[in-house]
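This report refers to the structure that appears directly beneath it.
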Amino acid sequence: MITPEQSTLARESSLLAVRGLTRRFGGLTAVDNVDLDVQGGQIHGLIGPNGSGKTTCINLISGVLRPDAGSVMLDGKELAREPTHAVAGLGLARTFQNIRVFGRMTVLENVLVGFNRSLGYSLLDVFSLRTRTAERRLHDQAMELLKFVGLEHKRGTLATSLSYGEQRLVEIARGLALSPRLLLLDEPLVGMNPSEVDHVVELLKRMRSNGLTMLLVEHKMRVVMSICDHITVLNFGRRIACGRPEEVRANPEVISAYLGESHGIRKRAA
Ligand code: ADP
Ligand code: MG
């Protein structure tokens, strides 16, 4: 049980502090009074069965959706009322559960697009840069990011001709181009083969050791349990557990939520 004083303390020391987050779709409460604290420098897992409200949470935190109630504070600043583009400027970047790369752009251009918000360039500026120096600088930074994710050799390839896993890496590089303080990752490992999964897990660890804070929605339990510092578990839109991986793994309510899912008895009206 968290006392009000503890709650205030947690909020003060958290990079991300979510309180009472609620979002309804018609008669369905997809996210129901959720509290979530992400400490700086950590990978925080957000898990739960299908339809438990994880993506809706990410959409609410990143400003894609408006909450019906609750607050989202990033380093003490309220985000819930900021438009999406302002949220990015405040240090928050994300990847999408359904990949969103620009198919007609090259891999390099996809990453360059990420800079337009972080440096205050418009999309047009990025592609018709006035000075060679500025162009060179952005190009070098984008190449650094591509090197970091291991895609520098694909810089000139059209994003659509990449494998699913490679497109995910482009999304991650583009997210990093914003130099975020907090990166939200919505199922970044979906559709990846085992060696791609290992590669991304290594990247996420390196990103954490470089000081980046991440909120990771992920279904692969082995990965979540091995790389997350803390985990929050949702079920039917509500937070049913939070704590360190070993605490969460042993929680009876969490076990029963996942057993329900694996036996196919979870049915939820949308
Ligand atoms: P998860 O990411 O955990 O699988 P979601 O956040 O996508 O879950 O969905 C939570 C619930 O909200 C589901 O029942 C889903 O059908 C519903 N939902 C999500 N988005 C919408 C929407 N735009 N309109 C209506 N219902 C939605
Ligand atoms: Mg989802």
Side-chain angles (χ1 to χ4, degrees), residues 16 18-38 43-72 79-80 83-84 87 92-101 164-165 167-168 171-172 175 182-192 196-197 200-201 204 214-225 227-228 230-243 245 248-249 251 253-270:
L16 179 76
V18 170
R19 290 294 175 277
L21 198 63
T22 301
R23 171 69 197 219
R24 289 178 278 273
F25 295 112
L28 172 89
T29 306
V31 173
D32 193 354
N33 198 25
V34 166
D35 290 354
L36 174 71
D37 282 288
V38 180
I43 301 180
H44 191 110
L46 180 60
I47 66 170
N50 263 327
S52 57
K54 305 179 298 292
T55 294
T56 306
C57 266
I58 298 286
N59 285 337
L60 292 167
I61 293 167
S62 60
V64 171
L65 284 176
R66 300 272 146 207
D68 290 311
S71 79
V72 176
L79 296 185
T84 315
V87 168
L92 195 144
R94 68 172 293 180
T95 65
F96 291 86
Q97 181 169 358
N98 302 312
I99 289 178
R100 296 194 185 175
V101 291
Y164 203 77
Q167 292 189 29
R168 286 258 170 234
E171 271 207 312
I172 291 174
L182 175 67
L183 180 63
L184 312 176
L185 297 149
D186 196 354
E187 302 209 26
L189 308 174
V190 165
M192 289 192 169
E196 288 173 325
V197 168
V200 172
V201 165
L204 298 183
M214 285 162 271
L215 179 61
L216 171 68
V217 172
E218 191 42 61
H219 234 77
K220 292 186 172 58
M221 276 306 142
R222 181 183 62 81
V223 171
V224 169
M225 292 297 164
I227 65 170
C228 291
H230 278 94
I231 296 175
T232 294
V233 190
L234 300 181
N235 195 21
F236 293 119
R238 296 208 183 93
R239 185 177 83 174
I240 58 166
C242 67
V248 161
R249 195 189 347 226
N251 182 308
E253 212 178 332
V254 175
I255 295 167
S256 102
Y258 274 92
L259 277 180
E261 182 180 55
S262 65
H263 287 108
I265 57 171
R266 290 180 54 89
K267 284 272 177 290
R268 186 147 199 231

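All ligand and atom numbering here is 1-based and tracks the order in the structure.
- Contact between Val201 and Ile227 at its shortest, heavy atoms only, is CG1-CG2, 3.7 Å.
- When Leu182, Leu36, Asp37 are each tested for a side chain to side chain contact (heavy atoms under 4.5 Å, CB included) with His44, only one passes: Leu36.
- Some N or O of Lys54 is nearer than 3.5 Å to an N or O of ligand 1, by distance alone.
- Here atom 5 (P) of ligand 1 lies nearest to Thr56 when heavy atoms of Val217, Thr29, Leu46, Thr56 are compared.
- Judged purely by atom type and a 3.5 angstrom limit, Tyr258 uses its side chain to pair as donor or acceptor with the backbone of Gly48.
- Between the choices Leu65, Asn59, Leu234, Thr55, the shortest heavy-atom distance to atom 7 (O) of ligand 1 belongs to Thr55.
- Residue Gln97 counts as close to the Mg ion (ligand 2), with an N, O or S atom under 2.8 Å.
- Near Leu28, the atoms of ligand 1 lying under 4.0 angstrom from a non-hydrogen atom of the residue are 11 (C), 12 (O), 14 (O), 17 (C).
- The backbone N or O of Pro245 lies less than 3.5 Å from no partner atom in the side chain of His230, so there is not a single donor-acceptor pair.
- Residues meeting the salt bridge (Lys or Arg N to Asp or Glu O under 4.0 Å) test with Asp32, sequence neighbours left out: Arg238.
- Less than 4.0 angstrom separates some heavy atom of Ala30 from each of these atoms of ligand 1: 11 (C), 12 (O).
- Residue side and main chain included, Thr55 places an N/O/S atom under 2.8 Å of the Mg ion (ligand 2).
- Sparse packing is recorded around CZ of Arg222, with 12 or fewer heavy atoms of other residues, nucleotides or ligands lying under 6.0 Å away.
- Around atom 4 (O) of ligand 1, the closest heavy atom drawn from Ser52, Gly51, Gly48 belongs to Gly51.
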